[in-house]
Trainee: 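First the structure, which I've put down as structure tokens, then a few questions once you've had a look.
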Amino acid sequence: MSFSSEQPKKRIFSGIQPTGNLHIGNYLGAIKNWISLQQDSETIYSIVDLHALTLDSNLETLNESVYEVTAAIIASGIDPQKSIIFNQSSVKEHSELCWVFNCVAKMGWLNRMTQFKEKAGKKRENASVGLYNYPILMAADILLYRATHVPVGDDQKQHLELTRDIATSFNHIFKNNLKNDFFTLPEPIISGPAKRIMSLKDGTKKMSKSELSDFSRINLTDNRDNIVKKIKKAKTDALPIPELETELTSRFEAQNLINIYAGLEDKSPQMVLDEYSGKGFADFKKDLTEILIEKITPISNNMLKLLKDKHEIERILTDGSLKARTIAEKVMCDIKKIIGFI
Ligand code: AQP
């Protein structure tokens with residue numbers, strides 16, 4: 001696949017934070033889509049290490065996490081021959097464009113972002129300015145490559161809407177210097193029953209790398225024993241599995257396990273209910289455990305193999321960075337001309 005800095009017909013960009021072990025939420029909500037997209041599109045996938053700086057708790061493990069996350073996405077099926085894989089900090093234009101967008105976006109837009117509210121929590125005054133600005137950097141990541149599509153989990157939908165607002169605003173502010181809109185508006189790709197996988201301990205909370213309890217998630221590095229224990233302990237309710245999806249709406253934990261099963265097996269939740277309705281969760285959990293083991297074990301084995309050769313991971317990232325920079329430098333140069341910088 002060859003990549004140019006011109007506006008492509010279809011170009012995919014997505015990123016993942018090096019903030020600890022990836023989990024099945026990351027896999028089903030993002031990476032699984034990334035794999036299929038690389039067959040027929042230009043695909044650019046970034047380990048977004050600048051985003052990881054937004055929380056102090058990520059700093060200690062940052063370096064190690066970059067290797068782990070890179071290994072995890074390759075082990076899951078992202079092919080460095082087909083996709084550009086690179087670490088965000090190695091392409092300085094991300095930060096440069098972020099500043100331009102800081103001056104395009106409005107405070108009111110950022111004040112509406114729910115992820116900031118969730119992550120900053122009650123100690124908002126102590127949150128970093130970077131955490132507040134996170135969606136602006138995300139807009140720069142996407143628009144720097146003039147991406148047309150962004151595969152993300154449901155949790156990132158609001159940030160993508162902000163990216164579209166920034167692109168529209170940029171096109172409008174500089175319309176006198178442009179023949180046509182410079183940025184096309186990127187579309188989200190959010191699909192399937194696994195677009196928001198919830199915590200195994202609380203079906204109202206997103207499964208997350210930074211949640212303290214390891215029992216809240218299935219990591220891509222979990223072994224058979226861990227998976228058995230975690231699914232056994234996963235919260236459910238006393239009712240049997242229902243016939244219809246509508247009967248799951250207020251049964252958050254039950255719905256989450258059905259969605260995980262459906263996502264892993266490429267089935268709709270209704271197909272899973274057709275198979276299990278009337279049964280209790282004990283039988284269902286046994287089957288879900290086996291499917292998880294079958295899907296995750298090859299990924300974690302592959303990942304461990306890749307992590308034995310860190311130089312190879314560095315080589316892949318350096319190669320990806322060179323390719324990413326070729327596009328980013330040209331786009332940034334165009335943007336500077338449009339703004340009027342000399
Ligand atoms: N629970 C989830 N269900 C579905 N998709 C998810 N994603 C994350 N969690 C879920 C998707 O995974 C991609 C990479 O996410 P990220 O690591 O860059 O950031 P995040 O969304 O903040 O993920 P975490 O796990 O919650 O990380 P921490 O705890 O470090 O903040 C994105 O496409 C995301 O939608």
Side-chain angles (χ1 to χ4, degrees), residues 12-35 37 43-62 64-66 68-70 72-73 76 78 85 87-88 94 113-121 127-128 130-131 134-135 137-138 141-142 147 149-163 186-214 216-221 234 252-253 255-257 259-260 262-264:
I12 313 295
F13 179 93
S14 200
I16 197 153
Q17 292 192 78
T19 47
N21 269 330
L22 298 190
H23 49 74
I24 45 158
N26 299 128
Y27 176 73
L28 293 173
I31 300 171
K32 198 159 172 273
N33 274 334
W34 295 11
I35 298 164
L37 287 163
T43 40
I44 306 175
Y45 299 129
S46 183
I47 317 301
V48 288
D49 46 7
L50 294 175
H51 282 281
L53 290 187
T54 56
L55 289 176
D56 291 350
S57 49
N58 299 332
L59 301 183
E60 210 176 305
T61 53
L62 178 68
E64 204 49 39
S65 290
V66 173
E68 281 172 9
V69 169
T70 310
I73 65 170
S76 303
I78 303 300
I85 304 172
N87 51 326
Q88 184 190 26
H94 287 256
M113 295 297 114
T114 53
Q115 183 174 287
F116 174 75
K117 290 178 194 158
E118 279 163 23
K119 292 206 170 177
S128 70
L131 186 66
Y134 183 112
L137 179 58
M138 181 166 157
D141 299 338
I142 296 164
H149 294 81
V150 185
V152 281
D154 202 35
D155 58 316
Q156 294 295 333
K157 199 169 154 207
Q158 195 186 35
H159 289 169
L160 201 65
E161 278 158 15
L162 185 102
T163 300
E187 298 287 340
I189 302 177
I190 302 174
S191 57
K195 51 184 182 273
R196 191 182 277 258
I197 297 297
M198 311 310 278
S199 157
L200 298 179
K201 293 180 73 176
D202 177 351
T204 63
K205 275 192 184 162
K206 189 182 84 141
M207 186 178 282
S208 170
K209 301 184 216 103
S210 49
E211 161 64 47
L212 285 178
S213 169
D214 201 44
S216 66
R217 62 186 162 257
I218 302 284
N219 302 309
L220 294 186
T221 47
F252 304 111
E253 286 82 15
Q255 185 176 43
N256 189 38
L257 294 185
N259 283 345
I260 294 173
L264 289 168

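Counting starts at 1 for both ligands and their atoms, in listed order.
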Trainee: Does Ala194 reach ligand 1, in the sense of a heavy atom lying below 4.0 Å from it?
Mentor: yes

Trainee: For the side chain to side chain contact (heavy atoms under 4.5 Å, CB included) test, which of Val69, Thr70, Asp49, Val48 pairs with Asn87?
Mentor: Asp49

Trainee: Starting from atom 20 (P) of ligand 1, find the nearest protein heavy-atom neighbour and note its residue, name and distance.
Mentor: Lys206 NZ, 3.5 Å

Trainee: Considering all heavy atoms of both residues, which atom of Leu131 and which atom of Ala120 are nearest to each other, and what is their separation?
Mentor: CD2-N, 4.0 Å

Trainee: State whether the shortest distance between N or O atoms of Met207 and N or O atoms of ligand 1 falls below 3.5 angstrom.
Mentor: yes

Trainee: Going by the order shown, which atoms of ligand 1 are within less than 4.0 Å of some heavy atom of Gly29?
Mentor: 4 (C), 5 (N)

Trainee: Which of these, Ser199, Ser46, Ala30, has its nearest heavy atom closest to atom 13 (C) of ligand 1?
Mentor: Ala30

Trainee: Below 3.5 Å, N or O to N or O, backbone or side chain included: is there any such pair between Gly25 and ligand 1?
Mentor: yes

Trainee: If I apply the N/O under 3.5 Å rule, does Tyr134 come out as touching ligand 1?
Mentor: no

Trainee: Could you tell me if the ring centre of His159 sits under 6.0 Å from that of Tyr134?
Mentor: yes

Trainee: To which protein heavy atom is atom 19 (O) of ligand 1 closest, and what is the distance rounded to 0.1 Å?
Mentor: Gln17 NE2, 3.3 Å

Trainee: Does the side chain of Arg196 reach to within under 4.5 Å of the side chain of Asp155, using non-hydrogen atoms?
Mentor: yes

Trainee: Is there any N or O on Asp155 that sits under 3.5 Å from an N or O of ligand 1?
Mentor: yes

Trainee: To which protein heavy atom is atom 25 (O) of ligand 1 closest, and what is the distance rounded to 0.1 Å?
Mentor: His23 NE2, 2.7 Å

Trainee: Is the closest side-chain donor-acceptor distance between Asp141 and His94 under 3.5 Å?
Mentor: yes

Trainee: What is the closest protein heavy atom to atom 1 (N) of ligand 1, and at what distance does it sit?
Mentor: Ile197 O, 2.7 Å

Trainee: Write out the residue and atom name of the closest protein heavy atom to atom 17 (O) of ligand 1, then the distance separating them to 0.1 Å.
Mentor: Lys209 NZ, 2.3 Å

Trainee: Just to confirm my output: which protein heavy-atom neighbour is closest to atom 28 (P) of ligand 1, and how far is it?
Mentor: Ser210 OG, 3.6 Å

Trainee: Count the heavy atoms of every other residue, nucleotide or ligand shown that sit under 6.0 Å from NZ of Lys205, and state whether that count exceeds 12.
Mentor: no

Trainee: Ignoring angles and geometry beyond distance, decide whether Ile16 reaches within less than 3.5 Å of ligand 1 through its nitrogen or oxygen atoms.
Mentor: no

Trainee: Of Thr54, Leu55, Thr114, which is the lone residue that meets side chain to side chain contact (heavy atoms under 4.5 Å, CB included) with Lys119?
Mentor: Leu55

Trainee: At their closest point, which heavy atom of Met207 faces which heavy atom of Ile24, and how far apart are they?
Mentor: SD-CG1, 3.8 Å

Trainee: Grab the two heavy atoms, one from Lys32 and one from Gly263, that are nearest each other, plus how far apart they are.
Mentor: NZ-O, 3.3 Å

Trainee: Between Asn26 and ligand 1, does any nitrogen or oxygen pair lie at a separation below 3.5 Å?
Mentor: yes

Trainee: What residue and heavy atom of the protein are closest to atom 30 (O) of ligand 1, and at what distance?
Mentor: Thr19 OG1, 2.8 Å

Trainee: Taking all heavy atoms of Gln17 and all of Lys209, pick out the closest pair and write down the distance.
Mentor: O-NZ, 3.3 Å

Trainee: Between Ser76 and Ile35, what is the shortest heavy-atom contact and its length?
Mentor: O-CD1, 3.0 Å

Trainee: Should Ser14 be counted as touching ligand 1, given the test is an N or O pair under 3.5 Å?
Mentor: no

Trainee: Taking distance alone, with no angle check, do Lys119 and ligand 1 share an N/O pair under 3.5 Å?
Mentor: yes

Trainee: How close do Phe13 and Pro151 get, counting heavy atoms only, and between which atoms?
Mentor: O-CD, 3.6 Å

Trainee: Below the 3.5 angstrom mark, is there an N/O of Gly153, backbone or side chain, next to an N/O of ligand 1?
Mentor: yes

Trainee: With a 4.0 Å cut-off on heavy atoms, is Glu211 touching ligand 1?
Mentor: no

Trainee: Where's the contact between Arg196 and ligand 1, heavy-atom distance under 4.0 Å: side chain, backbone, both or neither?
Mentor: backbone

Trainee: I'd like to check Val150 versus Glu187 (side-chain heavy atoms, cut-off strictly below 4.5 Å). Are they in contact?
Mentor: no

